[in-house]
Number of protein chains: 2
Amino acid sequence: MAGKRRAEMMQETREKLIGAARKAFAEKGYAGASMDDLTAAVGLTRGALYHNFGDKRGLLAAVVNTIDGEMAECARRAALKAADPWEGLLAEGVAYIEMALDPEVQRIVLLDGPAVLGDPSQWPSQNACLAFTIEAVEGLIADGVMKPVDAEAAARLLNGAALNAALWIAASEAPEAVLAKAVEAFRCLAAGFLARPR
Amino acid sequence: MAGKRRAEMMQETREKLIGAARKAFAEKGYAGASMDDLTAAVGLTRGALYHNFGDKRGLLAAVVNTIDGEMAECARRAALKAADPWEGLLAEGVAYIEMALDPEVQRIVLLDGPAVLGDPSQWPSQNACLAFTIEAVEGLIADGVMKPVDAEAAARLLNGAALNAALWIAASEAPEAVLAKAVEAFRCLAAGFLARPR
DNA sequence: TCCTTTTACATACGTAGCGTATGCATATTG
DNA sequence: CAATATGCATACGCTACGTATGTAAAAGGA
């Protein structure tokens, strides 16, 4: 298939670089990942990198964007499977906790991402996860299920709690046991937003 | 005052380096801070640095340790001023949110710290803030004020929520307004842990 | 008091890795 | 079929980390 168009070729190299970066950043961390090694792993050089992404940060941003999208998709699926909207919100939080157990997510999105790119809410991806959570919260407030607090504030606190729990679990020696405790506490905590206790 | 003992001198250079590092890390970020510049700013060279702290990470760890201690002290004071233990826990969370508005705390402890040193709970300082919160939670559970959830899980979720709120506030354009929203939502959320609604 | 040893820090060096400037080959345009 | 633009490689300089080595002063012993 030598008959590929120029744009297709470029798209392909971008994907190759993002894939390699995902691995390298996850394994070595952002600072520890060498651009020379990373590009060579897919048969390219740093030339391709700087042409396509500007600099090292640009590549990280692209990787974060990709993973963030996958996470939002995963959270959405978890929420849709739930019995009602409130359970959906909880399922979303739990899904978030579970996703954050993935070393790739942890290292790239939760640790290096914020440190290198700044606050997640300022990312171009606008943190798809958060956006989805805000939507859910707004619906629940409108339906009177949740107390009328600021939707963004509620979403951020919930996501923040889940995120921190995930870091804790991942660093612990008995992830499964800790996960159970964290999920229980999370459900309990979230209930504080309920207009009427269940 | 040339009559200083050796140990005192060393303690002094350690403090000078930590002070300079605090400034440099806060202003330029961990990766962007040059050890040459940083040490020269207090009339030393990298020799002193590597002798006292091993490497760049070691210096960051020392700085984080210092700030973490100050934060715990601040949280403790806030909690003691409250009317009762439950309000104390809330005050602690709010204090945590407010402290995280300090750019120095944000950049060093919340962003670069976890990225470079790993999960905060594994730090030698053992995250003084968290330890104090856990203590408070255990007391509240014993007194039947809070539901009998896992104390560490509850403390981590609360701190996580507060931390994330702080990052949000700091990045926002109207910190004061956002702070109010966040604090309200935080109080509401925390109420989920109450055995009996108030 | 004088000699020895340790220690706290400075100086010098090697090296990795980022960003940029330049070159080249292929694809697109007229 | 020329002319231009583009995607990527090659080459270079510079910054900054970590280490190896040097040195002067303090601590300790006789």
Side-chain angles (χ1 to χ4, degrees), chain A residues 1-21 23-64 108 112-113 115-117, chain B residues 1-64 107-108 112-113 115-117:
Chain A
M1 264 268 192
K4 279 178 186 160
R5 308 211 154 255
R6 212 110 193 274
E8 288 170 8
M9 294 282 295
M10 196 168 175
Q11 181 61 25
E12 198 177 303
T13 72
R14 287 177 61 101
E15 282 167 10
K16 277 201 279 189
L17 288 174
I18 289 178
K23 258 187 230 164
F25 288 157
E27 285 170 12
K28 317 238 183 191
Y30 175 77
S34 159
M35 308 298 270
D36 277 319
D37 297 352
L38 187 158
T39 51
V42 287
L44 294 167
T45 70
R46 281 184 323 174
L49 220 167
Y50 286 94
H51 185 70
N52 281 283
F53 299 99
D55 61 354
K56 195 178 182 179
R57 284 188 61 196
L59 180 59
L60 176 63
V63 171
V64 162
I108 300 178
D112 287 332
V116 176
L117 305 174
Chain B
M1 269 248 195
K4 279 178 187 160
R5 310 213 152 255
R6 209 109 194 276
E8 289 171 7
M9 294 283 294
M10 196 167 175
Q11 181 62 24
E12 198 177 303
T13 71
R14 286 177 62 100
E15 282 166 10
K16 277 202 279 189
L17 288 173
I18 289 178
R22 241 176 118 142
K23 259 186 228 165
F25 288 157
E27 285 170 12
K28 317 238 184 193
Y30 175 77
S34 159
M35 309 297 272
D36 278 319
D37 297 352
L38 186 158
T39 51
V42 288
L44 295 167
T45 69
R46 280 183 326 179
L49 220 166
Y50 285 95
H51 184 69
N52 281 283
F53 299 100
D55 61 356
K56 195 178 182 179
R57 283 187 61 194
L59 180 59
L60 176 63
V63 171
V64 163
R107 179 83 240 182
I108 301 178
D112 287 333
V116 176
L117 305 173

Engineer: Is a donor on one side and an acceptor on the other found under 3.5 Å between the side chain of B:Arg107 and the backbone of A:Ala115?
Structural biologist: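 Between the backbone of A:Ala115 and the side chain of B:Arg107 there is a qualifying donor-acceptor contact (under 3.5 Å).
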
Engineer: Protein within reach of the bases, or only the backbone? For nucleotides 12-22 of chain D, mark each nucleotide 5' to 3' as B, S or -, using heavy atoms under 4.0 Å.
Structural biologist: B----BBB---

Engineer: Indicate, with a heavy-atom threshold strictly under 4.0 Å, whether A:Leu49 touches base, sugar-phosphate, or nothing.
Structural biologist: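 Here A:Leu49 touches no strand at all.
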
Engineer: Rounded to the nearest 0.5 Å, how far apart are OG1 of B:Thr13 and CD of B:Glu8?
Structural biologist: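 Taking OG1 in B:Thr13 and CD in B:Glu8, the distance rounds to 12.5 Å.
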
Engineer: Checking contacts here: which listed nucleotide (C:dT11, C:dA8, D:dG7) is nearest the side-chain heavy atoms of A:His51?
Structural biologist: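 Minimum distance to the A:His51 side chain belongs to D:dG7.
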
Engineer: For a 4.5 angstrom cut-off between non-hydrogen side-chain atoms, does B:Phe53 reach B:Leu17?
Structural biologist: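 Yes; the side chains approach each other to less than 4.5 Å.
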
Engineer: Mind checking the CG-CG spacing from A:Asp36 to A:Leu44? Nearest 0.5 Å is all I need.
Structural biologist: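 Between A:Asp36 CG and A:Leu44 CG, I get 12.0 Å after rounding to 0.5 Å.
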
Engineer: Considering only heavy atoms from C-beta outward, does the side chain of B:Leu59 approach that of B:Asn52 to under 4.5 Å?
Structural biologist: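 The answer is no, as the side chains (C-beta and beyond) never meet within the 4.5 Å cut-off.
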
Engineer: OP1 or OP2 of D:dC8 less than 4.0 angstrom from a side-chain nitrogen or oxygen of A:Asn52, does that happen here?
Structural biologist: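 For A:Asn52, the contact criterion (side-chain N or O under 4.0 Å from OP1 or OP2 of D:dC8) is met.
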
Engineer: With no hydrogens and no angle check, is any side-chain donor or acceptor of B:Lys16 less than 3.5 Å from a backbone partner on B:Gly43?
Structural biologist: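 Answer holds: no.
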
Engineer: Rounded to whole Å, how long is the line connecting atom CE of B:Met10 with atom P of D:dA25?
Structural biologist: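 Those two atoms, CE and P, are 18 Å apart.
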
Engineer: Check whether any side-chain nitrogen or oxygen of B:Thr13 sits under 4.0 Å from OP1 or OP2 of C:dC9, and answer yes or no.
Structural biologist: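 Yes.
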
Engineer: Starting at atom CZ of A:Arg14, determine the distance to atom C1' of D:dT6, rounded to an integer number of angstrom.
Structural biologist: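 The distance from CZ of A:Arg14 to C1' of D:dT6 comes to 15 Å, rounded to the nearest Å.
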
Engineer: Find the distance between NZ (B:Lys28) and NZ (B:Lys23) and round it off to the nearest 0.5 Å.
Structural biologist: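 Between B:Lys28 NZ and B:Lys23 NZ, I get 12.5 Å after rounding to 0.5 Å.
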
Engineer: Just how far, in rounded Å, is P of C:dT7 from CG of B:Leu44?
Structural biologist: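 It works out to 20 Å between those atoms.
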
Engineer: Let me know the distance between CD of B:Glu12 and P of D:dA26, rounded to the nearest Å.
Structural biologist: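 Atom-to-atom, B:Glu12 to D:dA26, this comes out as 14 Å.
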
Engineer: Can you name the residues that form a side-chain hydrogen bond (donor to acceptor under 3.5 Å, both in side chains) with B:Glu15, not counting sequence neighbours?
Structural biologist: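 Listed in chain order: B:Gln11.
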
Engineer: D:dG7 C1' sits how many Å from A:Gln11 CD, rounded?
Structural biologist: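 After rounding, the reported distance stands at 14 Å.
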
Engineer: Between CG of B:Leu49 and CZ of B:Arg14, what distance do you get to the nearest 0.5 Å?
Structural biologist: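 B:Leu49 CG to B:Arg14 CZ: 10.5 Å, rounded to 0.5 Å.
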
Engineer: Would you write out the dot-bracket form of DNA chain D, 5' to 3', with Watson-Crick and G-U pairs under 3.5 Å, [ ] for crossing pairs, | for pairs to other strands and . for unpaired bases?
Structural biologist: ||||||||||||||||||||||||||||||

